[in-house]
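This report concerns only the one structure given below.
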Amino acid sequence: MDRVDPSQQGSFFRSFAERSWLSRTLLWPIFFGGILLAWLALWLMAQELGSPSAYGPGFWAALCRAGAADLAYLPLVAMWAVMVAAMMAPTFAPALGTFLDLPPPAGDTPQALALIAGYLAIWLATAFGLAALQITLARSGLVAPNGQSLSDGLTAGLFALAGLYQFTALKAACLTRCRAPLTVFMAHWRPGMMPAATMGARIGIDCMGCCWALMLLAFVGGMGNLLFMGLATLIMVLEKLPDIGRPLTRPLGLALILSGGAFALRAIGG
(Lines give C-alpha, C1' and ligand atoms only; values in the text may rest on other atoms or scores of the structure.)
Protein backbone atom coordinates (compact mmCIF):
# COMPACT_ATOMS: atom_id res chain seq x y z
CA MET A 1 0.00 0.00 0.00
CA ASP A 2 1.32 3.45 -0.90
CA ARG A 3 2.03 5.68 2.06
CA VAL A 4 0.31 9.09 2.21
CA ASP A 5 2.64 12.07 2.22
CA PRO A 6 2.19 13.72 5.65
CA SER A 7 2.32 17.18 4.08
CA GLN A 8 -0.49 16.27 1.66
CA GLN A 9 -2.49 14.73 4.51
CA GLY A 10 -2.15 17.91 6.53
CA SER A 11 -3.22 19.98 3.54
CA PHE A 12 -6.32 17.80 3.10
CA PHE A 13 -7.40 18.24 6.72
CA ARG A 14 -6.77 21.99 6.59
CA SER A 15 -8.94 22.20 3.47
CA PHE A 16 -11.69 20.19 5.18
CA ALA A 17 -11.53 22.42 8.25
CA GLU A 18 -11.72 25.54 6.11
CA ARG A 19 -14.79 24.24 4.24
CA SER A 20 -16.40 23.27 7.55
CA TRP A 21 -15.67 26.71 9.02
CA LEU A 22 -17.11 28.40 5.93
CA SER A 23 -20.34 26.40 6.03
CA ARG A 24 -20.77 27.14 9.73
CA THR A 25 -20.11 30.82 9.14
CA LEU A 26 -22.77 30.97 6.42
CA LEU A 27 -25.27 29.24 8.71
CA TRP A 28 -25.51 32.26 11.02
CA PRO A 29 -26.61 34.74 8.32
CA ILE A 30 -29.19 32.20 7.17
CA PHE A 31 -30.43 31.69 10.73
CA PHE A 32 -30.69 35.37 11.60
CA GLY A 33 -32.00 36.19 8.11
CA GLY A 34 -34.88 33.81 8.76
CA ILE A 35 -35.59 35.57 12.06
CA LEU A 36 -35.54 38.94 10.29
CA LEU A 37 -38.02 37.68 7.68
CA ALA A 38 -40.34 36.45 10.42
CA TRP A 39 -40.27 39.87 12.10
CA LEU A 40 -40.90 41.50 8.73
CA ALA A 41 -44.00 39.33 8.34
CA LEU A 42 -45.15 40.41 11.81
CA TRP A 43 -44.63 44.04 10.82
CA LEU A 44 -46.74 43.50 7.70
CA MET A 45 -49.48 41.97 9.84
CA ALA A 46 -49.48 45.04 12.06
CA GLN A 47 -49.83 47.58 9.27
CA GLU A 48 -53.48 47.09 8.25
CA LEU A 49 -52.89 49.28 5.21
CA GLY A 50 -54.30 48.86 1.73
CA SER A 51 -56.89 46.43 0.49
CA PRO A 52 -56.45 42.69 1.08
CA SER A 53 -54.30 41.10 -1.59
CA ALA A 54 -52.26 37.98 -2.08
CA TYR A 55 -49.04 39.51 -0.76
CA GLY A 56 -49.98 42.95 0.57
CA PRO A 57 -50.25 44.11 4.19
CA GLY A 58 -53.99 43.39 4.18
CA PHE A 59 -53.25 39.72 3.64
CA TRP A 60 -50.82 39.54 6.56
CA ALA A 61 -53.07 41.56 8.85
CA ALA A 62 -55.94 39.19 8.05
CA LEU A 63 -53.94 36.30 9.49
CA CYS A 64 -54.29 37.64 13.03
CA ARG A 65 -57.99 38.45 12.89
CA ALA A 66 -60.38 36.04 14.59
CA GLY A 67 -63.91 36.99 15.44
CA ALA A 68 -66.82 34.95 16.69
CA ALA A 69 -68.52 35.00 13.29
CA ASP A 70 -65.47 34.59 11.06
CA LEU A 71 -63.10 31.99 12.45
CA ALA A 72 -60.25 30.89 10.19
CA TYR A 73 -58.19 28.32 12.05
CA LEU A 74 -55.42 27.59 9.54
CA PRO A 75 -54.63 31.27 8.85
CA LEU A 76 -54.38 31.76 12.61
CA VAL A 77 -52.03 28.79 12.83
CA ALA A 78 -49.89 30.44 10.13
CA MET A 79 -49.87 33.70 12.08
CA TRP A 80 -48.85 31.97 15.31
CA ALA A 81 -46.20 29.95 13.48
CA VAL A 82 -44.63 33.17 12.21
CA MET A 83 -44.89 34.74 15.67
CA VAL A 84 -43.28 31.86 17.55
CA ALA A 85 -40.52 31.64 14.94
CA ALA A 86 -39.79 35.36 15.33
CA MET A 87 -39.90 35.30 19.12
CA MET A 88 -38.45 31.90 20.00
CA ALA A 89 -35.74 31.36 17.36
CA PRO A 90 -33.54 34.08 18.95
CA THR A 91 -33.64 32.19 22.25
CA PHE A 92 -32.23 29.14 20.43
CA ALA A 93 -29.06 30.94 19.33
CA PRO A 94 -26.94 29.90 22.37
CA ALA A 95 -27.87 26.23 21.88
CA LEU A 96 -27.08 26.44 18.17
CA GLY A 97 -23.75 28.09 18.92
CA THR A 98 -22.89 25.34 21.40
CA PHE A 99 -23.76 22.69 18.81
CA LEU A 100 -21.62 24.34 16.13
CA ASP A 101 -18.69 24.51 18.55
CA LEU A 102 -18.66 20.72 18.84
CA PRO A 103 -15.74 19.19 16.91
CA PRO A 104 -16.51 17.64 13.51
CA PRO A 105 -18.34 15.53 12.61
CA ALA A 106 -20.59 16.36 15.57
CA GLY A 107 -21.49 19.93 14.70
CA ASP A 108 -21.59 19.92 10.92
CA THR A 109 -24.00 22.14 8.99
CA PRO A 110 -26.56 19.52 7.82
CA GLN A 111 -26.97 18.25 11.37
CA ALA A 112 -27.24 21.85 12.61
CA LEU A 113 -30.08 22.47 10.15
CA ALA A 114 -31.81 19.31 11.41
CA LEU A 115 -31.33 20.57 14.97
CA ILE A 116 -33.05 23.87 14.07
CA ALA A 117 -35.87 22.01 12.32
CA GLY A 118 -36.48 19.82 15.36
CA TYR A 119 -36.61 22.84 17.63
CA LEU A 120 -39.01 24.79 15.40
CA ALA A 121 -41.23 21.72 14.94
CA ILE A 122 -42.12 21.85 18.65
CA TRP A 123 -43.12 25.49 18.40
CA LEU A 124 -45.05 24.84 15.19
CA ALA A 125 -47.06 22.23 17.08
CA THR A 126 -47.59 24.81 19.84
CA ALA A 127 -48.93 27.25 17.22
CA PHE A 128 -51.86 24.90 16.58
CA GLY A 129 -52.82 25.04 20.25
CA LEU A 130 -52.39 28.82 20.50
CA ALA A 131 -54.58 29.36 17.43
CA ALA A 132 -57.31 27.17 18.96
CA LEU A 133 -57.05 29.13 22.20
CA GLN A 134 -57.40 32.45 20.37
CA ILE A 135 -60.54 31.23 18.62
CA THR A 136 -62.00 30.07 21.94
CA LEU A 137 -61.27 33.41 23.59
CA ALA A 138 -62.69 35.30 20.59
CA ARG A 139 -65.90 33.28 20.71
CA SER A 140 -66.18 34.09 24.40
CA GLY A 141 -65.80 37.81 23.73
CA LEU A 142 -62.64 38.00 25.82
CA VAL A 143 -60.27 39.11 23.05
CA ALA A 144 -60.59 41.55 20.15
CA PRO A 145 -60.24 40.49 16.49
CA ASN A 146 -56.50 41.23 16.73
CA GLY A 147 -56.15 38.96 19.76
CA GLN A 148 -55.86 41.71 22.38
CA SER A 149 -57.57 41.12 25.71
CA LEU A 150 -60.89 42.93 26.24
CA SER A 151 -61.20 41.80 29.85
CA ASP A 152 -59.26 43.12 32.83
CA GLY A 153 -60.02 39.81 34.50
CA LEU A 154 -58.40 37.85 31.67
CA THR A 155 -55.41 40.20 31.64
CA ALA A 156 -55.03 39.84 35.41
CA GLY A 157 -55.20 36.06 35.12
CA LEU A 158 -52.59 35.92 32.35
CA PHE A 159 -50.16 38.10 34.29
CA ALA A 160 -50.72 36.16 37.51
CA LEU A 161 -50.29 32.81 35.75
CA ALA A 162 -47.05 33.91 34.10
CA GLY A 163 -45.77 35.37 37.37
CA LEU A 164 -46.59 32.36 39.54
CA TYR A 165 -45.10 29.98 36.99
CA GLN A 166 -41.75 31.74 37.41
CA PHE A 167 -41.51 30.20 40.91
CA THR A 168 -42.39 26.60 40.00
CA ALA A 169 -40.05 23.61 40.00
CA LEU A 170 -40.99 22.81 36.38
CA LYS A 171 -39.92 26.27 35.23
CA ALA A 172 -36.64 25.90 37.14
CA ALA A 173 -35.95 22.45 35.67
CA CYS A 174 -36.63 23.58 32.10
CA LEU A 175 -34.51 26.70 32.54
CA THR A 176 -31.61 24.67 33.93
CA ARG A 177 -31.53 22.52 30.80
CA CYS A 178 -32.01 25.51 28.48
CA ARG A 179 -29.06 27.27 30.07
CA ALA A 180 -26.79 24.24 29.60
CA PRO A 181 -27.55 22.81 26.13
CA LEU A 182 -24.21 20.98 26.11
CA THR A 183 -25.62 18.54 28.68
CA VAL A 184 -28.39 17.64 26.20
CA PHE A 185 -25.87 17.00 23.45
CA MET A 186 -23.62 14.93 25.73
CA ALA A 187 -26.50 12.83 27.05
CA HIS A 188 -28.33 12.23 23.78
CA TRP A 189 -25.69 12.54 21.06
CA ARG A 190 -26.00 10.16 18.12
CA PRO A 191 -24.61 10.75 14.61
CA GLY A 192 -27.03 11.58 11.84
CA MET A 193 -29.76 14.01 10.86
CA MET A 194 -32.65 12.37 12.72
CA PRO A 195 -30.83 12.24 16.08
CA ALA A 196 -29.92 15.91 15.60
CA ALA A 197 -33.58 16.75 14.93
CA THR A 198 -34.54 14.76 18.03
CA MET A 199 -32.07 16.74 20.15
CA GLY A 200 -33.52 19.95 18.71
CA ALA A 201 -36.99 18.76 19.67
CA ARG A 202 -35.79 18.00 23.22
CA ILE A 203 -34.47 21.54 23.51
CA GLY A 204 -37.73 22.82 22.01
CA ILE A 205 -39.77 20.99 24.65
CA ASP A 206 -37.64 22.49 27.41
CA CYS A 207 -37.94 25.91 25.78
CA MET A 208 -41.70 25.58 25.57
CA GLY A 209 -41.70 24.49 29.22
CA CYS A 210 -39.86 27.72 30.06
CA CYS A 211 -41.80 30.16 27.94
CA TRP A 212 -45.40 29.01 27.39
CA ALA A 213 -46.81 31.23 30.16
CA LEU A 214 -44.87 34.27 28.92
CA MET A 215 -46.04 33.54 25.38
CA LEU A 216 -49.66 33.72 26.55
CA LEU A 217 -49.04 37.37 27.40
CA ALA A 218 -49.30 37.99 23.65
CA PHE A 219 -53.05 38.17 24.36
CA VAL A 220 -52.39 41.20 26.57
CA GLY A 221 -50.57 43.23 23.93
CA GLY A 222 -52.37 41.84 20.90
CA MET A 223 -50.95 40.32 17.74
CA GLY A 224 -50.09 43.69 16.20
CA ASN A 225 -48.12 45.09 19.13
CA LEU A 226 -44.52 44.68 17.98
CA LEU A 227 -43.12 46.60 20.95
CA PHE A 228 -44.79 44.20 23.36
CA MET A 229 -43.57 41.16 21.40
CA GLY A 230 -40.06 42.57 21.13
CA LEU A 231 -39.89 43.15 24.90
CA ALA A 232 -41.16 39.63 25.57
CA THR A 233 -38.54 38.21 23.20
CA LEU A 234 -35.75 40.14 24.92
CA ILE A 235 -36.89 38.90 28.33
CA MET A 236 -36.99 35.27 27.17
CA VAL A 237 -33.54 35.57 25.58
CA LEU A 238 -32.01 37.10 28.71
CA GLU A 239 -33.68 34.58 31.00
CA LYS A 240 -31.90 31.71 29.24
CA LEU A 241 -28.45 33.27 29.73
CA PRO A 242 -27.03 31.77 32.96
CA ASP A 243 -25.34 34.87 34.38
CA ILE A 244 -28.26 37.19 33.63
CA GLY A 245 -31.18 34.78 33.80
CA ARG A 246 -30.70 33.42 37.31
CA PRO A 247 -31.10 36.79 39.09
CA LEU A 248 -33.85 37.80 36.63
CA THR A 249 -36.35 34.95 36.99
CA ARG A 250 -37.85 35.61 40.42
CA PRO A 251 -37.97 39.44 40.23
CA LEU A 252 -39.68 39.05 36.86
CA GLY A 253 -42.21 36.73 38.44
CA LEU A 254 -42.91 39.23 41.21
CA ALA A 255 -43.35 42.06 38.70
CA LEU A 256 -45.80 39.96 36.68
CA ILE A 257 -47.81 39.06 39.79
CA LEU A 258 -48.01 42.72 40.83
CA SER A 259 -49.16 43.64 37.32
CA GLY A 260 -51.84 40.98 37.56
CA GLY A 261 -52.92 42.36 40.91
CA ALA A 262 -53.26 45.86 39.46
CA PHE A 263 -55.52 44.61 36.68
CA ALA A 264 -57.50 42.52 39.15
CA LEU A 265 -58.17 45.62 41.29
CA ARG A 266 -59.25 47.51 38.18
CA ALA A 267 -61.58 44.65 37.22
CA ILE A 268 -63.14 44.68 40.68
CA GLY A 269 -63.43 48.45 40.71
CA GLY A 270 -64.90 48.52 37.23
Side-chain angles (χ1 to χ4, degrees), residues 39 42 45-46 64-68 76 79-80 83-84 86-88 90-91 123 126-179 205-270:
W39 278 101
L42 291 181
M45 289 182 210
C64 62
R65 294 193 183 111
L76 278 178
M79 181 279 298
W80 276 106
M83 183 180 295
V84 296
M87 297 179 68
M88 303 315 306
T91 73
W123 280 107
T126 305
F128 282 86
L130 291 168
L133 177 60
Q134 183 176 345
I135 288 176
T136 301
L137 294 174
R139 282 177 169 167
S140 303
L142 294 175
V143 300
N146 69 349
Q148 185 173 10
S149 173
L150 298 174
S151 165
D152 286 338
L154 174 62
T155 301
L158 291 173
F159 271 119
L161 175 63
L164 291 171
Y165 187 65
Q166 293 291 109
F167 297 91
T168 63
L170 179 58
K171 169 84 177 192
C174 290
L175 267 178
T176 297
R177 290 189 291 271
C178 284
R179 291 168 180 163
I205 291 171
D206 285 330
C207 179
M208 193 261 291
C210 289
C211 302
W212 67 268
L214 293 173
M215 183 61 71
L216 290 181
L217 293 180
F219 290 112
V220 174
M223 306 304 124
N225 192 328
L226 296 186
L227 180 61
F228 193 92
M229 285 187 278
L231 178 61
T233 302
L234 178 62
I235 289 172
M236 289 185 286
V237 169
L238 293 178
E239 195 176 30
K240 289 185 179 180
L241 301 177
D243 294 338
I244 299 175
R246 290 191 181 96
L248 174 65
T249 300
R250 291 179 179 272
L252 174 61
L254 180 59
L256 292 170
I257 291 172
L258 291 176
S259 299
F263 278 100
L265 290 176
R266 195 166 82 170
I268 295 172

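Count residues from 1 along the sequence. Predicted, not measured: the structure shown is a model, and the values here were computed from it.
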Under 4.5 Å between any side-chain heavy atoms of [X] and [Y], yes or no?
X      : Y      : result
Met215 : Met88  : yes
Met229 : Leu42  : yes
Leu154 : Val143 : yes
Leu142 : Ser149 : no
Leu130 : Leu76  : no

Taking all heavy atoms of [X] and all of [Y], pick out the closest pair and write down the distance.
X      : Y      : result
Gly209 : Cys174 : CA-SG, 3.8 Å
Gly163 : Leu256 : CA-CB, 3.6 Å
Cys211 : Met236 : CB-SD, 3.5 Å
Glu239 : Leu252 : OE2-CD2, 4.3 Å
Ala213 : Leu161 : CB-O, 4.5 Å
Thr233 : Pro90  : CG2-CG, 4.2 Å

To the nearest 0.5 angstrom, please state how far the [atom1] atom of [X] sits from the [atom2] atom of [Y].
X      : Y      : atom1 : atom2 : value
Leu238 : Thr91  : CG    : OG1   : 11.0 Å
Leu254 : Gln166 : CG    : CD    : 11.0 Å
Arg246 : Leu241 : CZ    : CG    : 10.5 Å
Leu231 : Asn225 : CG    : CG    : 9.5 Å

Go through the steps for Leu217 and Phe228 under the test side-chain contact (heavy atoms from CB on, under 4.5 Å), then give the verdict.
-> CA-CA 9 Å; Leu217 293 180; Phe228 193 92; 4.0 Å; yes

Stepwise side-chain contact (heavy atoms from CB on, under 4.5 Å) check, Gln134 with Phe219 | CA-CA 8 Å; Gln134 183 176 345; Phe219 290 112; 3.7 Å; yes

Just one of Arg177, Arg179, Lys240 clears the side chain to side chain contact (heavy atoms under 4.5 Å, CB included) bar with Asp206, so which one?
->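 Among Arg177, Arg179, Lys240, the one meeting side chain to side chain contact (heavy atoms under 4.5 Å, CB included) with Asp206 is Arg177.
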
Could you tell me whether the side chain of Trp123 and the main chain of Val84 form a donor-acceptor pair under 3.5 Å?
->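 No; judged by distance alone, with no hydrogens or angles, the pair does not exist.
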
Expected output: side-chain Ser151 to main-chain Gly153 donor-acceptor under 3.5 Å |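 Side chain of Ser151 to backbone of Gly153, a donor-acceptor pair under 3.5 Å: yes, one is there.
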
From CA spacing to verdict: side-chain contact (heavy atoms from CB on, under 4.5 Å), Ile257, Leu164 = CA-CA 7 Å; Ile257 291 172; Leu164 291 171; 3.7 Å; yes

Trp212 vs Tyr165, ring pair (Phe, Tyr, Trp, His ring centres under 6.0 Å): CA-CA, chis, key distance, verdict | CA-CA 10 Å; Trp212 67 268; Tyr165 187 65; 5.0 Å; yes

Return the orientation label for the Phe159 and Phe263 ring planes: parallel under 30°, perpendicular over 60°, tilted otherwise.
-> parallel

Let me see the working for Asp152 and Ile268 under side-chain contact (heavy atoms from CB on, under 4.5 Å), right down to the final yes or no.
-> CA-CA 9 Å; Asp152 286 338; Ile268 295 172; over 6 Å; no

